[in-house]
Amino acid sequence: MDVGKEFFRIQGDLYSLSRVKFMRLAYLIGYGLEMERSPANSASLSMLPWPKPAVWPLVPPDASTYVLEKEKMILQSSPRAKHFNIERKPLPLEPSFLLREANRRRASLSVGNSSELFDGRWNLTDGPALEGHSQFSPTGKVHVSLMSRTYSGPANSEGSPLSFDRPMRLSEIHVAAEHALKRTISDPDFLKSLSSLPDFEKKYMELTKGAADNYHQSWWKRHGVVFDGEIGAICFKHGNYDFAAKSYEKVCALYAGEGWQDLLAEVLPNLAECQKILNDQAGYLSSCVRLLSLDSSLFSIKERKAFQEEVVRLAHGEMKHPVPLDVSSLLTFSGNPGSPLEVCDGDPGSLSVTVWSGFPDDIELESLSLTLMATFSTDEGVKDIKSSVTPVLKPGRNLIMLELPPQRPGSYVLGVLTGQIGQLRLRSHSFSKGGSPDSDDFMSYEKPTRPVLKVHKPRALVDIAAASSSALLINEVQWVGLIVSPINYSLKGAILHIDTGPGLMIEESLKIEMEPYKKATYDMVNCSGLNVVKHDESEICERLLLENGQLSFPDWAGDVATTLWLPVRAIDKILARGTSAVNPSRHSVVDGMRMIALKLQFGIFHNQIFERTIAVHFTEPFHVSTHVVDKCNDGTLLLQVLIYSQVKASLKLYDAWLDLQPGFVHVGKGDGRPTSSFFPFVVSPSSRAAIVFVICLGNIFSSDETEDVKEDSILNIEYGIFGDRTIGAHIPMNIKPGGKAGLFFKSTLALQRPVLDPFLAVGFLTFTSDCLRVGQLFDMKWRIERLKDLKEIPSSLSKDDEVLYEIEANPDNWMIAGRKRGHVFLAAAQGSRAVITVSCLPLVSGYVHPPQLGLPSVGESNISCNPAGPHLVCVLPPILSSSFCVPA
Amino acid sequence: MGSTACFIIVSRNDIPIYEAELGSAIKKEEAAHQHQFILHAALDIAQDLAWTTSAMFLKAMDRFNELVVSVYVTAGHTRLMLLHDSRNEDAIKSFFQEVHELYIKVQLLCIV
């Protein structure tokens, strides 16, 4: 044990005991009205018994003026009103009524009194207080003999000027006590300290300070702090508010720190009063909040409302600058139970939080906001979210809606609650446990990690796809289906912008249809009849108007996948072209592709945008190719026209005819249309059919020169289509489904006449000699034979029976003796022959090209070179000849 | 006047966690404050004495006129304090021991 501290403790005890005794004596004199009725003083004095003299001292004979003064003092005194009008029964400083006690002691002694006298003796052993018996002796010992002396008879009563009939008044008691003390106290300083109120207060202060200082130096800190509070009370009384506030703060800190709320409730109003007088607004507000935070049973509702009114008054009052105030003990908040609010990236929302108010009355805030803290990042980049309306917080539970601007993806927890009343900036860090509204246990100082908001990463919210991937009819009004599927997101109020690319237009005479999307089986196209798939009558199928290229989604389409049917027409002015051996290339798929640009604007504030370009394929219903099946001896050609269905729909052919190009004619009478009994016949989806036409070669130029020259043949087909718009091509909307469908298909076909159509044969006759020598003349012979009669040949190719011929030879290698060009007569009959002979002289030796015979007036395709002429001939050098030698 | 008593359990951090006014005396409002004050002041003494002895029951360690403060310190430094005016030490000791047992049981329930 630390001896030093023990010494100070004992000294503190002595000061404390002296103080209590001093206060008791001062009370008897009449200074009790000026004493602070604090818990410490009350505890000390209210349990300290009154002195027990045998007979209470009497009032001196000439003390009437003193009595009057005391009376005046008693009457003039009024208890100091507590701040906030807190009404409390003042704590007692008396163990029992002094008036009664004193008058009881004054009465003539009886047996009853002796028991009290003897009882007093036992109480002396171990109590800290000294009994009133010390009044007779400073040493404090009990004189039993003295008591017995008083027991024997009414000895003291003889000296009393007052009669026993009238009890003493309080003022008289005080005067009597003062007089008795003045007679017994020998120490002049002590006497002086009891002579006047200022002297009393000075001594009282000295003893209290002594006790406080000593206790502070000992282990008994609490005792020291309590006495500091008593010193503070004296300072307050004398206007030294600064020191009083400091002292009260120490006491409040002690009681608050250890959680002794009852004791704190006694002292805190005093501290608040000091702070108010000192104009310490922040401190005063803080004290008011602490008073409100105390257990509600310690103050009445009226008093608690007074605390709140002070806070609000100051907030709207004289504060010049914003003042922060921590109200973590009065306002707590939590997110609502259950899963956190989930919003998509970029979407705003509204968050609901619960705020518990510990204020006794409704409190109106000018603004209320909460911070959101992201759990994924450590930086304190918090965001304030404000309440949408001016909140009025009722005592207890309040549900507040906060407007949430778009946030970054992640999860968030609640941070700090802030509010504003006038210049007051409220701040609360406390989270509620979120228990039942009736539970008192709504305060929790633990930070919950439960997130209240989850913002999803940017993700696909909607998808738009084409309803069918197969091709639609080109140049006809067709439905294009678009499947709009929301992906866990509402499309309520969405607006779709539609922009068709080049070569595609939306039929304005028709409305856009919208229906719920059915993923399951669609009815297959009924090939046998004319029925188109009909939708169930009970399902929704809404017709929408396209205005300025945009349409608004109806409400029912917000949360379900829907199919939008757009009536479109793809334009292609180029006529279909059939393929054949002549024209094998097919057009590419890209030719029939058309684009639809879509932009969907949706979301709560139309802040989400989805863009997609859909490619739609259009095609002719048929692709045509031709094939010459057979060629008859009489020149008749069997032309097979193959018709391929390019759509996923049944095509019914009602009629087909072939407009032939010049140079070809249909065999037989009529226009070559197939027999009508063949029609109608059905071509199944993606399958093929064929029509055989019998044609033969004809004159190239028609008699009528004014007609346009047709370069190609054209196949015409009248057909009908039976399809489902959900699968592919289907009947155009402008065509009635019943009856004959008047759809026409045209395709050009390039028929080429046979390349080789020889009617003249040119043959090379062999040389007469085996070797050809330079400088040796020889004859080259060609024979021309007519293969066809002249009249069978079209007049454009050959006009008469004379054939023009021409010899071509390289002049460096050959010398032609004779005519190079001329006419030869060839009889008109088939088989007639003519021989053309040309004398040639080779000029160089080696392998050289021989002269060639050409027929300029006849086309190459009409000449058959049979046998063909030699490609190269061998020319030997000349024989050695003396003709070249110069005679000598 | 009947017997008066005030019982408080103070945690190791000097925070009162349980309080009960006992006794058959007429309850006075101011008595409650006084009792609180006396017991609070007695904490200083209890703090001193607790380290001087290995016993848990510190008997009557403080007196305030007629009222006596008895303290029982548990192993976790929780103080069971009784303000009373009677002298029956044995009864008070057994009372403290029973309260201590109940207190442990309540703590265990909280943990579970």
Side-chain angles (χ1 to χ4, degrees), chain A residues 1-2 5-6 9 12-13 16 20 37-49 88-96 122-123 125-131 215 218-227 229 251 254-267 295 297-298, chain B residues 1 4-6 8-21 25-53 59-71 77-79 81 83-85 87 89 110:
Chain A
M1 188 182 283
D2 191 339
K5 288 196 188 284
E6 185 64 12
R9 196 269 303 167
D13 272 347
S16 176
V20 167
R37 288 176 180 259
S38 63
N41 289 346
S42 173
S44 306
L45 290 172
S46 66
M47 282 187 265
L48 186 65
R88 289 282 181 279
K89 200 170 161 191
L91 293 174
L93 296 176
E94 307 170 351
S96 59
W122 304 124
N123 289 335
T125 47
D126 47 6
L130 298 172
E131 290 300 335
Y215 278 130
S218 75
W219 293 111
W220 292 18
K221 304 288 181 205
R222 287 185 192 83
H223 283 64
V225 171
V226 166
F227 281 117
V251 182
L254 173 69
Y255 290 149
E258 294 185 348
W260 294 76
Q261 295 211 342
D262 296 44
L263 300 171
L264 184 62
E266 285 294 325
V267 186
D295 192 25
S297 61
L298 292 168
Chain B
M1 192 172 159
T4 57
C6 175
I8 275 186
I9 301 181
V10 180
S11 74
R12 58 185 303 161
N13 302 324
D14 300 326
I15 296 171
I17 53 179
Y18 179 76
E19 191 184 331
E21 290 279 339
I26 302 162
K27 203 162 176 181
K28 289 187 268 184
E29 276 178 30
E30 54 271 19
H33 294 294
Q34 288 168 0
H35 294 166
Q36 281 235 340
F37 173 74
I38 295 162
L39 286 168
H40 181 254
L43 278 175
D44 278 336
I45 307 163
Q47 211 167 312
D48 257 353
L49 283 177
W51 300 110
T52 60
T53 171
K59 299 182 188 174
M61 52 148 209
D62 190 20
R63 277 176 196 85
F64 208 94
N65 297 321
E66 299 101 17
L67 296 175
V68 178
V69 179
S70 300
V71 171
H77 209 61
T78 303
R79 282 143 290 179
M81 301 174 77
L83 179 70
H84 58 95
D85 56 4
R87 305 276 164 183
E89 270 190 20
C110 289

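Order of the sequence lines sets the chain letters (A, B, ...), proteins ahead of strands, with each chain counted from 1.
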Residue from A:Gly257, A:Ala40, A:Gly259 scoring the most non-hydrogen pairs under 4.5 Å with chain B is A:Ala40
Under 4.5 Å to a heavy atom of chain A? For B:Val10 that would be side chain
Return yes if some donor-acceptor pair links the side-chain N/O of A:Trp260 with the main-chain N/O of B:Asp14 below 3.5 Å, else return no. yes
Honestly, the part of A:Ser44 sitting under 4.5 Å from a heavy atom of chain B is both
So, the part of B:Ile17 with a heavy atom under 4.5 Å from chain A: the answer is neither
dist B:Ile38:CD1 -> B:Leu83:CG (nearest 0.5 Å) comes out at 5.0 Å
Indicate whether the side chain of B:Ser11 and that of B:Asn13 have a donor and an acceptor atom separated by less than 3.5 Å.
no
Okay, A:Tyr215 and chain B: the region with an atom under 4.5 Å from a heavy atom over there is neither
Tell me if a side-chain donor or acceptor on B:Asp44 pairs with a main-chain N or O of A:Arg222 at a distance below 3.5 Å. yes
Applying a strict 4.5 Å limit to non-hydrogen atoms, the region of B:Leu43 in contact with chain A is both
Is it true that A:Arg9 and B:Asp48 make a salt bridge, defined as a side-chain N closer than 4.0 Å to a carboxylate O? no
